[in-house]
Amino acid sequence: MDRVFKLPATTFIGGGEKQLTLREILNRLENAYCRSIGAEFMFINSLEQCNWIRQKLEPPKSMEFDTETKRLILARLTRAFSLEAFLAKKWSSEKRFGLEGCEILIPAMKQIIDKSTEYGVESVIMGMPHRGRLNVLANVCRKPLEQIFSQFAALEAADDGSGDVKYHLGTYIERLNRVTNKNIRLAVVANPSHLEAVDPVVQGKTRAEQFYRGDNEGKKVMSMLLHGDAAFCGQGIVFETFHLSDLPDYTTHGTVHIVVNNQIGFTTDPRHSRSSPYCTDVARVVNAPIFHVNADDPEAVIHVCNIAAEWRATFHKDVVIDLVCYRRNGHNEIDEPMFTQPLMYRKIRSMKNALEKYAGKLSAAGVVSQEEIKDVKEKYERILEDGYVGSQKVTNIKYKDWLDSPWSGFFEGKDPMKVSPTGVHEETLTHIGKRFSSPPPNAAEFQIHKGLERILKSRMEMVESRTVDWALGEAMAFGSLLKEGIHVRLSGQDVERGTFSHRHHVLHHQKVDKATYRPLCNLYPDQAPYTVCNSSLSEFGVLGFELGYSMTNPNALVLWEAQFGDFSNTAQCIIDQFISSGQSKWVRQTGLVMLLPHGMEGMGPEHSSARLERFLQMCSDDPDVMPSFDGDIAVRQLQEINWIVAYLTTPANVFHVLRRQIALPFRKPLIIMTPKSLLRHPEARSSFDDMKPGTEFQRIIPDPTAPATARKLILCTGKVYYDLKKARAERGLENEIAITRVEQISPFPYDVLKEEVNKYANAQLTWVQEEHKNSGAWCYVQPRMRTLFPERETKYAGRHVSASTATGSKHMHLKEQSQLYEEAFA
């Protein structure tokens, strides 16, 4: 054991020494790797990165801190403990999901923030579950205690919205970091109880902030994600989010992940909740180093936090800190953990807490006296009491105090009922159309596909004839917004070309790899940036990311397109918990656009329906209440609804509705059922005349030719209009049957629809849809038509009810379609 060995170049245990005895080698390696820190990094396929980590862990005395740092750790730990004790004393029967058993999380987060600000970070965006949230808001963000404590009182809200429980709320704080004396912005993103669902939202918000700041390397803005052990390995969205971490259009240049490892998930033991050795094994897929650390050893935790912050600043890659701790109470404060983990909790209840252990250690070492320990505790308790007294004077709560993404200056000075015009001058339309239809300027060298040459040529012919198809209408909306300085971002699976090969926003050189040309990025020298990016094959993760991106800046058009609308339900959690209800719960607006290809075209049950009925079922308008027709009802309805649902039939309406997203004096999510066959339908065209100044989005499109004496008025939405029009012509019923299109389904266009229906005083009203009766818009439309026309019945014509969205048989599809026409024209 005392034999001396020369140390190899791959180890750093020697410090300044070149050789050591075997006994000392073993001793130093055990100190580095077998005490409070367990490091996983040997799977990383970069020798430079592996050696960098060794250099941080192996040298002797690498984990020694000066007296000032130790006292700071103790003070921060004391604050974390004192807050939980105070909350438990004042509100003993309230659920608050306290941090007891992992209070070191607070000093850990503060250390990462301190260290990161030293490296130049100015903004940290955080996502976390409910456990420890109030402590993070109070001690990391330093949110006023009066606001936190007033959440425990049953106070009335001073502003609109339904609110959320206190351990879901977000916040946004700008303050001075006292340690580094630099200003820092901290945001905690509001989230639902759906664990880990907030992860991609945080990443999208972080990416957007980096984009708007020109922070192309992530040096100024970073994200920090907190996780529970069971959720980190159990929720698939964690994997989806990790897989965005190194994609060019989605990377945030490194995230610090902290796992609060309770070694239990609610009542489930790890042996029943994961198949891998560690809850953090999912992080290995992106070569993220993982540091397991004993949460009862504060100095080891802080050492690991320093390494993590420096790793992120050096390599701009993800890193994971696994705080191996315990949960002193049950799942919440009124839960009894002894029912299911009696042995574990008998042991926990006999343990000293981390503060007692660390205070005792520092006191024994002479770093602090007992009086100083007591003084730090009493001083913070006085601050807590003052906050409590202040909270008693609060008479109502303000949801906007908990906003995670404030848009300073956006709402000020705006008339909330005034919408900017959406029509555009013809010269602008022509310019955008010609640029979008032209090959790259260096076309002699840039060889594009022959099929694309034909597409561009046909586009140019349309522009010259003052006509647009779907792809041109969309491109003109994007291009005109870019001209006005509005950033446009389109993301999703295969969006660059378009699932149906209709868009072609990125042209590829046929002979040179990675050589591309993006027409919409080359419209004007001073235009806003246009981002179009194919995403990973993820809906939940990418839709969440784009939602986060849209929250950062209201003056941007952010769109997510599903490959087929059918696949959007993989992201149902983001749709339900964030998009449809986000403004109501968290007073947070977003103008995110969801493009969902939809339509019954004989392609089977998974390529036919974006589940229009689900989006309509979540609309917040009352079907039994007729809105007042006074003033501008159209804008007022938009202001009051939670989101907008549209199923459009003309390129001009697509153009206007996309531009209206930016023209509105507020922001609402927009759900569009987009076409498939209509992308190339010869009648699905619009003239420049429908897009010029003075034109606007048409909520309904009346029948231009049917006489007022028609015996039947068909109301429909979307693609089925063209099917009905063709079938009507084949039957020669143009003078008997009128067909009116409802383009904006929600909010329901009561005023214009009443005016239109009254033209046909003697006509039978019939709603026709191609979707099954229990799908599509019928269940939404029927009660509203009853409210609008209590004396006139609206009948239904269409497919009968079905558990499946569509038949898989082409024969049956055509038979159903034929029956639909018979019912519609009967």
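Hydrogens, waters and symmetry mates are skipped; everything else that's a heavy atom, side chains included, is used.
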Glu217: what forms a salt bridge (charged side-chain N to carboxylate O under 4.0 Å, His left out) with it, not counting sequence neighbours? Lys219
Out of Lys668, Arg588, Arg667, which residue meets the side-chain hydrogen bond (donor to acceptor under 3.5 Å, both in side chains) rule with Gln583? Lys668
After noting the C-alpha distance and the side-chain angles of Ile739 and Tyr721, does the key distance pass the side-chain contact (heavy atoms from CB on, under 4.5 Å) rule? CA-CA 8 Å; Ile739 307 174; Tyr721 164 74; 3.5 Å; yes
Pair listing, ring pair (Phe, Tyr, Trp, His ring centres under 6.0 Å) test, anchored in residues 440-477, at least two apart: Phe446-His509
Side chain proximity check, Val124 to Ser223, heavy atoms < 4.5 angstrom: no
So which atom in Ala187 and which in Asp404 form the shortest heavy-atom distance, rounded to 0.1 Å? CB-O, 4.0 Å
pair Pro669-Met594: side-chain heavy atoms closer than 4.5 Å: no
What are the two closest non-hydrogen atoms of Pro749 and Gln744, and how far apart are they? CD-O, 3.3 Å
Please verify the inter-ring angle class for Phe478 with Tyr530; under 30° counts as parallel, over 60° as perpendicular, anything in between as tilted. tilted
Determine whether Ser538 and His243 satisfy the following criterion, side chain to side chain donor-acceptor pair (under 3.5 Å), listing intermediate values before the conclusion. CA-CA 9 Å; Ser538 151; His243 269 289; over 6 Å; no
Residues Tyr524, Ile432; criterion side-chain contact (heavy atoms from CB on, under 4.5 Å); working and verdict: CA-CA 9 Å; Tyr524 298 95; Ile432 295 167; 4.0 Å; yes
Within the supplied structure, the quantity of interest is the number of heavy atoms (other residues, nucleotides, ligands) at a distance under 6.0 Å from Glu696 CD; does it exceed 12? no
For Glu743 and Thr649, does a side-chain donor sit closer than 3.5 Å to a side-chain acceptor? yes
Between Met551 and Leu547, is any pair of side-chain heavy atoms under 4.5 Å apart? yes
Do Val468 and Met476 have side chains that approach each other closer than 4.5 Å (heavy atoms only, starting at C-beta)? yes
Check Glu445 with Lys511, please: is the shortest side-chain N to carboxylate O separation under 4.0 Å? no
Hey, do the aromatic rings of His508 and Tyr517 have their centres closer than 6.0 Å? no
Using the side-chain contact (heavy atoms from CB on, under 4.5 Å) rule, take Lys719 and Ser677 through it: C-alpha gap first, then chi angles, then the decisive distance, then the call. CA-CA 8 Å; Lys719 185 214 78 165; Ser677 60; 3.7 Å; yes
Considering only NZ, NE, NH1 and NH2 on the basic side and carboxylate oxygens on the acidic side, decide whether Glu426 and Lys692 come within less than 4.0 Å. yes
When the ring planes of Tyr647 and His598 are compared, do they come out parallel, tilted or perpendicular, using 30° and 60° as the limits? perpendicular
Is the shortest side-chain heavy-atom distance between Leu481 and Arg659 below 4.5 Å? yes
Above 12 or not: heavy atoms from other molecules or residues under 6.0 Å from NZ of Lys414? yes
Should we count NZ of Lys483 as having more than 12 external heavy atoms under 6.0 Å? no
Any side-chain to backbone donor/acceptor pair from Asp566 onto Ser609? Under 3.5 Å, distance only. yes
Salt-bridge contact Arg503-Glu496 (side-chain N to carboxylate O under 4.0 Å): no
Aromatic plane relationship, Phe564 with Phe567 - under 30° parallel, 30 to 60° tilted, over 60° perpendicular: perpendicular
Name the residue from Lys434, Glu427, Arg435 that meets the side-chain contact (heavy atoms from CB on, under 4.5 Å) definition with His431. Arg435
Quick one: does Asp469's side chain get under 4.5 Å of Leu679's, heavy atoms only? no
Heavy-atom closest contact (Asn642 atom, Met618 atom, distance): ND2-O, 2.9 Å
Quick one: OG1 on Thr516 to CG on Leu507, what's the gap to the nearest 0.5 Å? 8.5 Å
Check for a donor-acceptor pair, side chain of His487 on one end and backbone N or O of Pro529 on the other, with a separation under 3.5 Å. yes
Tell me, please, which residues at least two apart from His681 pass ring pair (Phe, Tyr, Trp, His ring centres under 6.0 Å). Tyr722
Please tell me if the side chains of Ile574 and Val201 come closer than 4.5 Å, counting only heavy atoms from C-beta onward. yes
Heavy-atom count around Asn216 CG within 6.0 Å, excluding the residue itself: above 12? no
Whether Glu613 and Arg611 form a salt bridge (side-chain N of Lys/Arg under 4.0 Å from carboxylate O of Asp/Glu) is what I want to check. yes
Where do Tyr549 and Tyr212 come nearest, in terms of heavy atoms and distance? CE2-OH, 3.9 Å
The test is ring-ring contact (aromatic ring centres under 6.0 Å, His included); show your working for Trp560 and Phe545 and say whether it passes. CA-CA 10 Å; Trp560 175 78; Phe545 186 97; over 10 Å; no
Could you check Ser686 against Thr467 for side-chain contact (heavy atoms from CB on, under 4.5 Å), going step by step and ending with a plain yes or no? CA-CA 6 Å; Ser686 294; Thr467 307; over 6 Å; no
Just verifying a value: how many Å separate Ser420 OG and Leu664 CG, rounded to the nearest 0.5 Å? 8.5 Å
Let's go through Gln563 and Asp494 carefully: what are the C-alpha distance in whole Å and the side-chain angles of both, what is the deciding distance for side chain to side chain donor-acceptor pair (under 3.5 Å) to 0.1 Å, and is it a yes or a no? CA-CA 7 Å; Gln563 192 181 65; Asp494 313 296; 2.6 Å; yes
Here the pair of heavy atoms bringing Leu244 nearest to Gly541 is CD1-O, 4.1 Å
Dump the intermediate steps for side chain to side chain donor-acceptor pair (under 3.5 Å) on Thr255 and Gln203, then the final yes or no. CA-CA 9 Å; Thr255 298; Gln203 299 298 60; 2.8 Å; yes
Nearest non-hydrogen partners of Leu596 and Ala562, listed with the distance: CD2-CB, 3.9 Å
Dump the intermediate steps for side chain to side chain donor-acceptor pair (under 3.5 Å) on Glu546 and Ser491, then the final yes or no. CA-CA 8 Å; Glu546 301 309 330; Ser491 161; 2.7 Å; yes
Is the NZ or CZ atom of Arg518 both under 6.0 Å from the centre of the six-membered ring of Phe436 and within 45° of that ring's axis? no
Flag the pair Glu209 and Lys220 as a salt bridge only when some basic side-chain nitrogen lies within less than 4.0 angstrom of an acidic carboxylate oxygen. no
Roughly how far, to the nearest 0.5 Å, is OG1 of Thr252 from CZ of Arg207? 8.5 Å
